[in-house]
Participant: 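A single structure is presented below for examination.
Throughout, residue positions are numbered sequentially from 1 according to the sequence presented. For clarity, every value in this text was computed on a predicted model and none was experimentally measured.
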Amino acid sequence: MSSTTRNEIREHLNESGTGAMRSANLEPPRFQDRRSSFLVIMRNLTLMNTEAIAWLNRYADRPLNDRQRLALVYLRHNQQITNFDYQRLAHVDSLTASRELRGLVQNGLTLQHSSRRWTHYTLNVSTIDKVEVSLPLLLEDKVLDYVRRHGFITRKQCAELLDLKDIPARKFLFRMRDKGILKQTGFKRGSQYVLPG
């Protein structure tokens, strides 16, 4: 397969797949050219969920556009982002991607590594530390507010409320129970979590 044909396939898949995946808030497809084959990786990872939005709200005072916010969430799930990754994610040209990635660095949210062709960006570690400590508190407040309004919360309701899968939601409720914030009543599928006392 010629490089021209590979590029045409990549562009077609990128245009047709990325738009639909972006509208579903999924990470855009990744492409790997293996010379004898062409691999398209589509991860079933919702980028913009409740937790991500709560995390981004910590930076509401920063002059960021929606594409830059999406890139920050992307970086929470990936080790780094390149100019090409940003172009795929935000559907912009290389110059716009460079300018907006520099904006994230200037706002102290990301760090730039290397230069030119090997340039990539990572989340600023101090940003991660500061935010990850406070995020569980925001989520706990959300659960407590739900329990105050409804009298109890189940694992399924917690999963829907926080946009989590079954096991992380159960672990989150267990942590709140173990900290004495909530009290568990019932067992297994019949478990409900209420305010103690």
Side-chain angles (χ1 to χ4, degrees), residues 21-30 41-81 85-86 89 104-105 107-111 113 120-197:
M21 293 182 81
R22 188 185 304 110
S23 64
N25 289 320
L26 295 172
E27 186 175 319
R30 290 174 174 252
I41 302 167
M42 295 184 175
R43 296 175 63 191
N44 185 15
L45 174 63
T46 303
L47 290 176
M48 282 298 183
N49 57 26
T50 307
E51 182 185 355
I53 292 167
W55 183 75
L56 283 172
N57 283 340
R58 303 283 296 169
Y59 303 106
D61 62 329
R62 310 284 173 99
L64 304 175
N65 64 36
D66 289 343
R67 295 185 298 264
Q68 289 171 311
R69 289 183 184 92
L70 188 60
L72 287 175
V73 174
Y74 176 90
L75 275 169
R76 291 187 76 214
H77 299 284
N78 296 276
Q79 291 181 356
Q80 65 182 32
I81 190 169
D85 293 330
Y86 194 94
L89 188 67
L104 290 172
V105 173
N107 275 290
L109 300 172
T110 61
L111 300 172
H113 305 275
H120 62 278
Y121 303 82
T122 59
L123 276 179
N124 186 336
V125 175
S126 64
T127 301
I128 298 169
D129 292 344
K130 180 172 63 179
V131 172
E132 295 302 329
V133 167
S134 61
L135 183 59
L137 298 177
L138 291 172
L139 298 179
E140 284 178 6
D141 287 344
K142 199 169 188 178
V143 170
L144 285 172
D145 182 55
Y146 185 94
V147 173
R148 285 185 192 108
R149 284 186 285 119
H150 297 91
F152 67 91
I153 192 167
T154 64
R155 186 257 332 133
K156 183 178 179 183
Q157 292 164 336
C158 180
E160 290 171 2
L161 180 69
L162 302 181
D163 198 16
L164 296 173
K165 300 280 186 205
D166 179 52
I167 292 173
R170 188 168 58 233
K171 287 182 178 178
F172 189 82
L173 288 169
F174 284 171
R175 279 198 303 273
M176 290 186 73
R177 177 199 64 192
D178 295 343
K179 287 163 70 173
I181 300 169
L182 291 176
K183 177 182 167 187
Q184 182 178 352
T185 62
F187 296 98
K188 297 193 178 184
R189 291 185 182 216
S191 293
Q192 294 182 342
Y193 297 83
V194 298
L195 294 174

Participant: Using side chain to side chain contact (heavy atoms under 4.5 Å, CB included), reason through Thr110 and Leu75 one step at a time and then give a plain yes or no.
Facilitator: CA-CA 9 Å; Thr110 61; Leu75 275 169; 3.7 Å; yes
Participant: Is there a side-chain contact between Thr185 and Ser191, using heavy atoms and a 4.5 Å cut-off?
Facilitator: no
Participant: Could you walk me through whether Leu111 and Val105 satisfy the side chain to side chain contact (heavy atoms under 4.5 Å, CB included) test, starting with their C-alpha distance in whole Å, then the side-chain angles of each, then the deciding distance to 0.1 Å, before giving a yes or no?
Facilitator: CA-CA 6 Å; Leu111 300 172; Val105 173; over 6 Å; no
Participant: Holding to side-chain hydrogen bond (donor to acceptor under 3.5 Å, both in side chains), I want the full list of residues that pass it with His150, two or more places apart in sequence or in another chain.
Facilitator: none
Participant: Does any pair with a residue in residues 173-197 pass ring pair (Phe, Tyr, Trp, His ring centres under 6.0 Å), and if so which ones, sequence neighbours excluded?
Facilitator: none
Participant: Please report the closest heavy-atom contact between Pro63 and Gln68, naming both atoms and the distance.
Facilitator: O-OE1, 4.0 Å
Participant: Report the C-alpha separation of Leu104 and Leu64 in whole Å, then their side-chain angles, then the decisive distance to 0.1 Å, and conclude whether the side chain to side chain contact (heavy atoms under 4.5 Å, CB included) test is met.
Facilitator: CA-CA 8 Å; Leu104 290 172; Leu64 304 175; 3.8 Å; yes
Participant: Evaluate side chain to side chain contact (heavy atoms under 4.5 Å, CB included) for Leu173 paired with Thr154, printing each intermediate quantity in order.
Facilitator: CA-CA 9 Å; Leu173 288 169; Thr154 64; over 6 Å; no
Participant: Hey, could you give me the OH/OH distance between Tyr121 and Tyr86, rounded to the nearest 0.5 Å?
Facilitator: 10.5 Å
Participant: Do Arg67 and Leu89 come within less than 4.5 Å of each other through their side chains, counting heavy atoms only?
Facilitator: no
Participant: Check salt bridge (charged side-chain N to carboxylate O under 4.0 Å, His left out) between Asp145 and all other residues, then give those that pass, not counting sequence neighbours.
Facilitator: Arg149
Participant: Is there side-chain contact between Leu182 and Val194, with at least one heavy-atom pair below 4.5 Å?
Facilitator: no
Participant: Looking only at non-hydrogen atoms, find the nearest pair between Lys183 and Pro196 and report the distance.
Facilitator: CB-CA, 4.1 Å
Participant: Among all residues two or more places apart in sequence or in another chain, which pass the side-chain hydrogen bond (donor to acceptor under 3.5 Å, both in side chains) test with Asn65?
Facilitator: Glu100
Participant: From Asn124 CG over to Asn107 CG, what is the distance, rounded to the nearest 0.5 angstrom?
Facilitator: 11.0 Å
Participant: Exactly one of Lys142, Glu140, Gln157 should register a side-chain contact (heavy atoms from CB on, under 4.5 Å) with Leu162. Which one does?
Facilitator: Lys142
Participant: Are any non-hydrogen side-chain atoms of Met176 and Leu144 less than 4.5 angstrom apart?
Facilitator: yes
Participant: Please round to the nearest 0.5 Å and tell me the distance separating atom CZ of Arg170 and atom NZ of Lys156.
Facilitator: 14.5 Å
Participant: Looking at side-chain heavy atoms only, is the closest gap between Leu109 and Arg62 below 4.5 Å?
Facilitator: yes
Participant: With sequence neighbours left out, write down each residue that passes side-chain hydrogen bond (donor to acceptor under 3.5 Å, both in side chains) with Thr122, or none if nothing qualifies.
Facilitator: His113
Participant: Sequence neighbours excluded, which residues qualify as salt bridge (charged side-chain N to carboxylate O under 4.0 Å, His left out) partners of Arg177?
Facilitator: none
Participant: Between Arg175 and Asp178, is the salt bridge (charged side-chain N to carboxylate O under 4.0 Å, His left out) condition met? List the steps.
Facilitator: CA-CA 5 Å; Arg175 279 198 303 273; Asp178 295 343; over 6 Å; no
Participant: Do Phe172 and Leu139 come within less than 4.5 Å of each other through their side chains, counting heavy atoms only?
Facilitator: yes
